[in-house]
Amino acid sequence: MKFLRNLLDKVEPNFTGNGKYSKFYPLYEMADTFLFTPADKTRNGPHIRDAIDLKRVMSFVVIAMLPALLFGIFNVGRQVSESGTIIDIFLSGLPIVVPIILTSYIVGGFWEMIFAVLRKHEINEGFLVTGMLIPLVMPPTIPLWMVALATTFGVVIGKEIFGGTGYNIFNPALVARAFIFFAYPGAISGDRVWTVDGLSQATPLLQASSEQGSKALELLGSQFNWWDMFYGFIPGSIGETSTLAILIGAVFLLITRIGNWRIMAGTLLGMLLTAKLTNVFGETVGSSNPMLFLPAEYHLVMGGFAFGLVFMATDPVSAAQTDRGRWMYGLLIGFMCVIIRAINPAYPEGMMLAILFANAFSPLIDYFVMKSHIKQRLKRFAA
Amino acid sequence: MNIHLKKGHDLKLAGKPTKQLNNIQPDTVVKLHPVEFPGLKPKLLVKEGDAVKKGSPIFFDKNHPKIMFTSPAGGRVENIVFGERRRIEIVEIAVDDNAGEMTFDSFTPDELSGLTGEKIISILCTSGLWPTIRRRPFSKIAEPDKSPKSIFISTMSTAPFAADVEIILENTTEEKIQAGIDVLQSLTNGAVNLVSPKNDSNSKLTDLFNVQHHTYSGPHPSGNVGVHVSHIDPIKNKDDSIWYISLQDVISIGTLFLTGKVDYRKIIMVAGSAVSEKQHYSINRGTLISQILNNNNLDTGARIISGDVLTGSISNMDNAIGFYHEAITVIPNVPDRVFMGWISPGFSKYSLSNTFLSKILPKREQVLTSSMNGSKRAILPIGAIEKVMPLNILPTMLVKSIIANDIENMEQLGIYECDAEDFALCSFSDASKMDITGIIQNGLDFAEAEG
């Protein structure tokens, strides 16, 4: 380690002050603080600081995504090679998933670097998370150029034009996915994109909404049982299929307190209540819309709900930023997700739009929480 | 009433002081630092070479010409150091024990309650003890021509390493504290509130009268004046005013009125993991840090802090201990560059978050250095700062309104209830390494000027 430290210290003058490559200081800074915790010292009180920093926060989110990623690779591999050991199946998934991840990280990293150099600020760790989120919400058949384009759109339009990580309104990874959804709908919806074996196979959500006049569970039939969907042996986006793997990540985020439990609980509660409501409503009016009859526990394991709840909704920047606001924000996501799934016949996956919708509303939610806080403060003073 | 906090944190740091008390007599030099009083416009009353008595006025505040700052020792004005734009930075006084002492009117305890506010203010201002009384909002020296709605006496800080209130009480008399309280009571129509630790039952505190007794419990910042004020008599707007003073300064005031002389001595403690003799000292105000740390071994390059590790200011051997400070903390100042620290298991790392394995080990006192432990980033509200903010304040929202210079929002969100020191743990625990205390201070300065 001493060797590395000495090497870094030796090249540092090239990147600072009048050094040859001083324009590229953000690159040096990134390598330097990636390898060693920064040398920065406190300048005033408090003179000591907590050991946590954003690098750790962001890498812990990536760690939390690993179970979903690993299962995703396995699940994709399963579509290519039906037989073989678990390792074989996993290995056959790698050549499909890894290029998508690399594309996302390389293209996103490129933009981060450009903006860091132009704006003369340090490279933010936020992209560690975005770069992993984007591949995990893509179907395995997505062409790499589309990943590159979506990543570009997500990072530049979704984040950098607002000023970078911390200033964005929408979750950049969801902006990337929404871009594909609206620009190339054929690549991310329908029944032909979810498996890599060339056969058309509907996702459970598509299946459950496929026929007017029946009920969702009847349509799912024996093709998709709840446990298969919970474990994740279903077609879908790479990282979204296994609720179990996502739950492991959720537990990790909750224990480390990096994921906000209020947002997660709010989203879950919102979904449960709304699903119950649509069930009752469907029964009462005798609706022919199959999705109105989907029970809450199925909403949980189908589509992007669990993944969105754990990894997307909890993005602290685009979420509400007050404790009470976080509850409302979560409830809104859960509510919107079920409503979009049930009411919108064209697109049964509601989670992406639900979270983007709640992202747009989170400043307003915070505003109301703030107003009620101010009112309560005034009341206290009046007494 | 007992103020119990649930939110907050008691930092467990290595370098705790012992209860031993050493006496340090003023050596050859004492110093005054006019720059340490925020907003003060000092005007000198002496020039280099002038002989001064102990208690002689050295400079006063142009904005409040009554308020004198006096010499903590007799002798001769040795040196006056000016900074940019002729700002007075240091007044250095060479100590001469035979230079004499200023005397003021003295009273018996019974006479004190008969004194008019005017008389009291006049004595406090000329004696140089007035600046020990500060006001909220803004934490500046109290304005003598105004009357506060109440006065708060804080007994013991809950920040890491505060002078032990028991040692302070051992070295004073109840009579002096009572006299100080009686004097303060004449300055307000409201209450004088004494807020002491819940587990403290020293009769020198509990037997005091003419004062409202309160207690506090729970983690830091439960000992902060701002917390006490917000529970007992909250600041409602900019024109609201409370005054506050530390117990030791109350004792100084009491002594002044009983004896007619200013007692410039006070008890401080030296602590921190980079200093050898961690203990209490009885010193003269204005004593140089080099003299206090005379027999100490310091780590190379260690950071010397006048005050506690959360709110103190960076100082050095040549400076005197801060006027309001009752501690000198010394911490290691070497960069602690951990290889791949962002992913290390962190068995020996101190964090309020749950991302280090040290969390599952038994709690022990740890050495913390001046390292930032990370790079500065934009706000990433993961809820960590809310966990250590016990005031009825939305910290993230307040910080944002300050950065946006939104005075209306700042006021509505309660900026006047805040002081930078109440946000020290927010700064400490923030993963984005934002200077939250600095931002709050900017907000207060802005609100004072514009609000």
Mind checking whether [X] and [Y] have side chains closer than 4.5 Å, heavy atoms only?
X        : Y        : value
A:Met370 : B:Asn409 : yes
A:Asp53  : B:Asn373 : no
A:Val317 : B:Leu380 : yes
B:Arg303 : A:Thr42  : yes
A:Asp366 : B:Leu394 : no
A:His373 : B:Asn392 : yes
A:Lys55  : B:Arg377 : yes
A:Pro38  : B:Lys376 : no

Counting only non-hydrogen atoms closer than 4.5 Å, does [X] touch chain A with its backbone (N, CA, C, O), its side chain (CB onward), both, or neither?
X        : answer
B:Tyr350 : backbone
B:Leu11  : side chain
B:Glu386 : side chain

Rounded distance [0.5 Å steps], [atom1] in [X] versus [atom2] in [Y]:
X        : Y        : atom1 : atom2 : result
A:Asn44  : B:Thr311 : CG    : OG1   : 11.0 Å
A:Gln321 : B:Ile379 : CD    : CD1   : 7.0 Å
B:Asn237 : A:Leu378 : CG    : CG    : 10.5 Å
B:Ser313 : A:His47  : OG    : NE2   : 6.5 Å
B:Lys349 : A:Arg56  : NZ    : CZ    : 9.5 Å
B:Leu413 : A:Ile374 : CG    : CD1   : 4.5 Å

Legend entry - Sidechain-backbone polar pair: A:Lys41 side chain, B:Asn333 backbone, donor-acceptor under 3.5 Å: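 Answer holds: yes.
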
Inset, instruction - Report yes or no: does B:Asn354 contribute a side-chain atom to a donor-acceptor pair with the main-chain N or O of A:Arg257 at less than 3.5 Å? - result: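 It does not hold such a pair.
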
Inset, instruction - Output yes when A:Arg380 and B:Glu417 qualify as a salt bridge under the 4.0 Å nitrogen-oxygen rule, no when they do not. - result: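 Looking at B:Glu417 together with A:Arg380, the answer is yes, because their closest N to O distance falls below 4.0 Å.
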
Inset, instruction - Identify which of A:Arg377, A:Gln376, A:Glu125, A:Met58 forms the greatest number of heavy-atom pairs closer than 4.5 Å to chain B. - result: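 Ranked by contacts with chain B, first place is A:Arg377.
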
Legend entry - chain B contacts, top residue of A:His121, A:Arg43, A:Glu122 (heavy-atom pairs, under 4.5 Å):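 That would be A:Glu122.
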
Inset, instruction - Check whether A:Lys375 gets within reach of chain B through its side chain, its backbone, both or neither, counting any heavy atom under 4.5 Å. - result: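 Neither part; nothing is under 4.5 Å.
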
Inset, instruction - Mark yes when over 12 heavy atoms from residues, nucleotides or ligands other than B:Lys7 sit less than 6.0 Å from its NZ; otherwise mark no. - result: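 Yes, NZ of B:Lys7 has more than 12 neighbouring heavy atoms, counting only those of other groups under 6.0 Å.
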
